[in-house]
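All values below come from the heavy atoms of this structure, side chains included, with hydrogens, waters and symmetry mates left out.
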Amino acid sequence: MPQIEKHAHGCFCWPELSTTDSKGAKEFYSGLFGWASEDMPMGPDSVYTVLKLQGLELGAMYEMEAARREMKIPPHWLLYVSVDDVDAITAKARELGAEVLAGPLDVSTAGRMTMFRDPQGAALAAWQANENIGARLAGVAGTLCWAELATNDVGASKSFYTALFGWAAKASNMPGMPYTEWMAGGQPAGGMIEMDEKWQGVPPHWMPYFQVDDCDASAEKAKQLGGNVCVPPTDIPGVGRFAVLNDPQGAFFSIVRLNMPA
């Protein structure tokens with residue numbers, strides 16, 4: 001079992017769902033991925049639900065508070081990047097033109113976090129671990145396996161993230177489009193694509209990819225559970241087969257069956 005003991009600086013470490021219906025979201029993702037959930041009270045009217053697989057933490061969800069619903073913020077996944085010094089990252093992000101949305105702040109004794117919107121508008125969070133390192137399981141169906149930035153300015157995004165996290169940007173042409181891989185410590189940490197006219201009306205964003213054993217079967221299962229298939233199962237030569245889904249509350253995410261080495 002690929003259990004994780006530590007996330008290196010610059011690696012994605014935690015996916016977090018903000019939803020308008022935590023009960024419905026639990027039912028959907030449990031049915032799709034087999035996730036178990038553990039509720040942790042955060043206050044008199046607030047619960048943080050840790051998502052688990054094989055008894056190990058892999059992410060979380062919480063129900064959006066009334067103030068954000070009134071602001072018409074849609075349900076969404078937020079990705080966290082592991083960092084060595086979240087205060088330094090916050091200051092650097094602001095210096096590079098990001099809008100700091102929250103933090104840096106302590107999350108009890110679990111760790112310290114910050115959240116920002118990059119200069120193109122994509123939201124991302126950073127996590128400095130203390131008692132909680134983030135996800136403790138990877139490499140199996142139902143776990144986060146990739147994070148992808150969709151941006152309207154590849155050059156500006158490349159400058160921002162390489163300066164912020166120390167990532168290297170590696171050109172990796174996909175069939176029909178240029179693609180950028182983010183490299184952290186010489187290892188792939190995520191990717192980036194540029195939005196064209198076909199993305200009209202879609203804001204820049206980070207997309208989580210969850211690993212599945214069968215993309216087609218998982219997409220069909222998502223529909224049966226009340227979700228939508230936004231991009232049908234599609235082959236990515238040399239990588240695998242993916243689909244973009246929308247959960248019943250409206251949060252977008254992707255699934256991918258990765259090609260395994262022979």
Side-chain angles (χ1 to χ4, degrees), residues 12 14-39 49-54 58-64 68-69 72-79 122-123 135 137-150 174-177 179 190-191 193 195-196 198-260:
F12 286 88
W14 193 246
E16 181 183 80
L17 174 65
S18 176
T19 182
T20 52
D21 179 2
S22 57
K23 181 176 183 294
K26 286 178 189 176
E27 292 173 354
F28 174 79
Y29 288 102
S30 174
L32 183 61
F33 294 132
W35 292 346
S37 57
E38 180 182 342
D39 290 340
T49 299
V50 176
L51 304 167
K52 294 184 175 183
L53 200 59
Q54 302 178 17
L58 57 86
M61 71 169 66
Y62 65 93
E63 192 156 321
M64 200 181 300
R68 291 210 289 169
R69 294 186 194 216
K72 306 298 183 185
I73 296 174
H76 60 276
W77 282 96
L78 176 68
L79 292 167
L137 184 68
V140 298
T143 59
L144 181 71
C145 64
W146 196 244
E148 185 177 81
L149 173 64
M174 294 287 185
M177 69 171 183
Y179 195 81
I193 55 175
M195 299 187 293
D196 57 21
K198 291 181 290 188
W199 296 70
Q200 189 171 2
V202 179
H205 61 275
W206 279 95
M207 172 73 78
Y209 281 70
F210 296 101
Q211 186 171 332
V212 295
D213 292 328
D214 186 325
C215 183
D216 294 74
S218 294
E220 183 60 33
K221 183 68 172 179
K223 287 196 293 184
Q224 294 172 6
L225 292 166
N228 297 306
V229 178
C230 306
V231 176
T234 304
D235 287 330
I236 310 172
V239 176
R241 188 166 174 82
F242 88 106
V244 179
L245 308 179
N246 186 223
D247 74 21
Q249 290 70 48
F252 292 92
F253 64 101
S254 292
I255 56 174
V256 61
R257 176 193 56 76
L258 298 170
N259 290 343
M260 294 295 114

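S22 pairs by the side chain to side chain contact (heavy atoms under 4.5 Å, CB included) definition with T19, E63, not counting sequence neighbours. For F33, the ring-ring contact (aromatic ring centres under 6.0 Å, His included) criterion is met by W35, F210, not counting sequence neighbours. By the side chain to side chain contact (heavy atoms under 4.5 Å, CB included) test, K198 is found to be paired with D196, residues two or more places apart in sequence or in another chain being considered. In this view, Y179 and W146, E148 satisfy the side chain to side chain donor-acceptor pair (under 3.5 Å) rule, not counting sequence neighbours. By the side chain to side chain donor-acceptor pair (under 3.5 Å) test, T49 is found to be paired with D39, residues two or more places apart in sequence or in another chain being considered. In this structure, the side chain to side chain contact (heavy atoms under 4.5 Å, CB included) partners of V50, at least two apart in sequence or on a different chain, are W14, M40, Y48, K52, E57. For the side chain to side chain contact (heavy atoms under 4.5 Å, CB included) test, residues two or more places apart in sequence or in another chain that qualify with P204 are Q120, A122, N152, M195.
Summarising the geometry of L137 relative to T143, their closest heavy-atom pair is O-CG2, 3.7 Å, with the distance given to 0.1 Å. What you find for P75 and Q249 is that their closest heavy atoms are CG-O, 3.1 Å. What you find for N259 and G238 is that their closest heavy atoms are ND2-C, 3.7 Å. The two atoms that bring C230 and F252 nearest to each other are SG-CE2, 3.5 Å, heavy atoms only.
With values rounded to the nearest 0.5 angstrom, I255 atom CD1 is found 4.5 Å from L245 atom CG. Note that the CG atom of L258 and the OH atom of Y209 stand 11.0 Å from one another [nearest 0.5 Å]. With rounding to the nearest 0.5 Å, the separation of NZ in K26 from CG in L17 is 11.5 Å. Atom CE of M61 and atom OG of S37 lie 7.0 Å apart (nearest 0.5 Å).
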Quick one: side chains of residues 219-229, donor-acceptor pairs under 3.5 Å with protein atoms, not counting sequence neighbours, listed by atom name and distance.
residue: E220; atom: OE1; partner: K223; partner atom: NZ; Å: 3.4

Note to self: One pair to check against side chain to side chain contact (heavy atoms under 4.5 Å, CB included): M207 and V244. What are the steps and the verdict?
What the structure shows: CA-CA 9 Å; M207 172 73 78; V244 179; 3.9 Å; yes
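Within the structure, no pair that satisfies the salt bridge (Lys or Arg N to Asp or Glu O under 4.0 Å) test touches residues 245-256, not counting sequence neighbours. For residues 207-217, every residue pair satisfying the salt bridge (Lys or Arg N to Asp or Glu O under 4.0 Å) rule, not counting sequence neighbours, is listed here: D216-R241.
Using the six-membered ring where Trp is involved, F28 and F253 have ring planes that are perpendicular, over 60° apart on the 30 and 60° scheme.
Between F12 and W77, the ring centre distance reaches or exceeds 6.0 Å.
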